[in-house]
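Worksheet for the structure shown next.
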Amino acid sequence: MHASLYSKDEIDNRSLFSFCDYWTKTKLENGYRYELALLKKSHSAFADVIEPCLWYEIISEHLALGSSFQCLAKPQAINAVSVAEDDLAIALFIDSIANSDTAVSSAPIERHEECAWVNSLLSKEAIALEDIASLLRRDISAEFTEGRLICSCFQVREKSIITAIKAGDDSVQKLGAKLKCGTNCGSCRSELASLIKDHKSESKIAEKRTDDVIPVMQLEASL
């Protein structure tokens, strides 16, 4: 069985060995990431059958989190979140993926994007309810992957708008023609103009760099 545990504070090694057989630790910018592995029937804290919910209970007990944990159980998995004073303290994702009594769970699929997402949430002064819900679903929020929602009428987010601006759609009218943002109620047009102001210069710089390239044939001729 495998678990990914993200914590704002470092966890004592003795606590880790009290609820798992193997673990790795990675220091993040805003906390720590632990990958945990458990051998079936090998740990003294468990009965013959190990279920994700039982492992979750043992982990929460040893971390002294008690009722501060919110959890969502899925078939053969459980996700949990602990919030302390409105800040994200711990995010725990347990997967039951070991298939034999002696096998350690196989190495987890690298979740670089998930790690970056949780790390960003650990830095927030107050975590939003929407973020807690996304953690419990283990579903990276669209705000993290695609940016803030700018146009609610057509569900257009910040990153797609910035990409379009850098590609040359550097007016509210051009953005409307390409992405439809700002073409319905119009309430986002001022924010579109602000994004254009902030990122239009980046598009011009890229164009300037392209114009400054000396063709190879021209360079050879000059020599």
Side-chain angles (χ1 to χ4, degrees), residues 1-13 15-17 19-39 50-60 62-63 65 68-99 103-150 155-163:
M1 195 177 302
H2 163 260
S4 296
L5 190 157
Y6 297 88
S7 175
K8 177 165 285 189
D9 299 318
E10 189 172 9
I11 299 173
D12 182 78
N13 292 356
S15 296
L16 290 165
F17 278 122
F19 53 73
C20 70
D21 294 305
Y22 301 95
W23 56 270
T24 63
K25 177 177 69 175
T26 303
K27 178 71 175 72
L28 306 177
E29 183 180 356
N30 302 304
Y32 297 85
R33 172 189 178 183
Y34 296 89
E35 295 298 328
L36 315 177
L38 184 69
L39 291 169
I50 301 173
E51 296 294 341
C53 59
L54 177 57
W55 197 17
Y56 156 72
E57 290 175 4
I58 297 296
I59 292 174
S60 61
H62 281 281
L63 295 180
L65 294 169
S68 68
F69 251 142
Q70 303 176 55
C71 68
L72 176 65
K74 298 182 176 182
Q76 300 302 308
I78 189 165
N79 303 328
V81 175
S82 175
V83 176
E85 298 181 353
D86 295 328
D87 294 346
L88 175 63
I90 284 179
L92 173 66
F93 307 116
I94 298 176
D95 297 305
S96 178
I97 57 177
N99 295 317
V104 181
S105 63
S106 58
I109 297 172
E110 287 297 328
R111 294 177 177 268
H112 298 296
E113 192 172 39
E114 176 185 273
C115 184
W117 170 53
V118 179
N119 181 55
S120 72
L121 296 179
L122 288 169
S123 70
K124 288 190 174 183
E125 294 184 359
I127 189 168
L129 292 176
E130 294 82 358
D131 290 326
I132 294 175
S134 293
L135 285 166
L136 291 174
R137 295 192 304 270
R138 201 176 188 180
D139 182 19
I140 300 175
S141 67
E143 181 173 347
F144 178 79
T145 57
E146 302 170 30
R148 297 175 298 118
L149 183 64
I150 303 298
Q155 298 297 299
V156 185
R157 292 188 172 272
E158 185 177 27
K159 288 186 179 180
S160 61
I161 293 171
I162 293 173
T163 299

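Hydrogens, waters and symmetry mates play no part in the numbers below; they use all other heavy atoms, side chains included. Counting from 1, the numbers follow the sequence of the chain as shown. Keep in mind the model is a prediction, meaning the values are calculated, not measured.
From Ser7, atom OG reaches atom CG of Asn30 across 12.0 Å, with rounding to the nearest 0.5 Å. Taking CG of Leu38 as the start and NE2 of His2 as the end, the distance is 11.5 Å to the nearest 0.5 Å. Atom CD1 in Ile127 sits 14.5 Å away from atom CD in Glu85 (nearest 0.5 Å). Within the model, atoms CD of Glu158 and CD1 of Ile161 stand 7.5 Å from one another, a figure rounded to the nearest 0.5 Å. Atoms SG and CD1, from Cys53 and Ile78 in turn, are 6.5 Å apart once rounded to the nearest 0.5 Å. With rounding to the nearest 0.5 Å, the separation of OG in Ser82 from CD1 in Ile90 is 5.5 Å.
Asn119 contributes no side-chain N or O that, together with a main-chain N or O of Leu28, makes up a donor-acceptor pair within less than 3.5 Å. The closest donor-acceptor contact from the side chain of Arg157 to the backbone of Glu146 lies at 3.5 Å or more, if one exists at all. At distances below 3.5 Å, at least one donor-acceptor pair connects side-chain atoms of Tyr34 with backbone N or O atoms of Ile11. Looking at Asp86, its side chain never comes within 3.5 Å of a backbone N or O of Ala126 through a donor-acceptor pair. With hydrogens and angles ignored, the 3.5 Å screen pairs no side-chain donor or acceptor of Lys25 with any backbone N or O of Arg33. Not one N or O on the side chain of Lys8 forms a donor-acceptor pair closer than 3.5 Å with the backbone of Ser123.
Two residues are said to be in side-chain contact when any heavy atoms from C-beta on lie closer than 4.5 Å; Thr145 and Trp117 fail this criterion. Between Asp95 and Gln76 the shortest side-chain heavy-atom distance does not fall below 4.5 Å. For the pair Tyr22 and Glu35, the minimum side-chain heavy-atom distance is 4.5 Å or more. The side-chain heavy atoms of Arg148 and Ile150, taken from C-beta on, include a pair separated by under 4.5 Å. Counting only heavy atoms from C-beta outward, the side chains of Asn13 and Trp23 approach each other to under 4.5 Å.
Using a cut-off of 4.0 Å between Lys/Arg side-chain N and Asp/Glu carboxylate O, Lys124 and Asp131 are scored as salt-bridged.
Each of Leu88, Leu121, Val83 was checked for a side-chain contact (heavy atoms from CB on, under 4.5 Å) with Ile132, and the lone residue meeting it is Val83.
Using bins of under 30°, 30° to 60° and over 60° for the plane-to-plane angle, the ring pair His62/Phe19 lands in the tilted bin.
Residues Ala89 and Leu122 share a closest heavy-atom pair of O-CD2, 4.3 Å. Nearest heavy atoms, Ile59 versus Leu92: CG2-CD2, 4.0 Å. Residue Tyr56 comes nearest to Ala80 through the heavy atom pair CE1-CB, 3.6 Å, listed as atom of the first residue, atom of the second, then distance. Of all the heavy atoms in Cys20 and Ala37, the pair that sits closest is CB-O, 3.6 Å. Heavy-atom minimum distance, Lys74 versus Arg137: NZ-O, 2.9 Å.
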Inset, instruction - Could you go through the side chain to side chain contact (heavy atoms under 4.5 Å, CB included) check for Cys115 and Tyr6 one step at a time? - result: CA-CA 8 Å; Cys115 184; Tyr6 297 88; 4.0 Å; yes
Legend entry - Stepwise side chain to side chain contact (heavy atoms under 4.5 Å, CB included) check, Arg138 with Glu114: CA-CA 9 Å; Arg138 201 176 188 180; Glu114 176 185 273; 2.7 Å; yes
Legend entry - Check against side chain to side chain contact (heavy atoms under 4.5 Å, CB included), Leu5 and Leu16: CA-CA 11 Å; Leu5 190 157; Leu16 290 165; 5.6 Å; no
Legend entry - Stepwise side chain to side chain contact (heavy atoms under 4.5 Å, CB included) check, Val81 with Asn79: CA-CA 7 Å; Val81 175; Asn79 303 328; over 6 Å; no
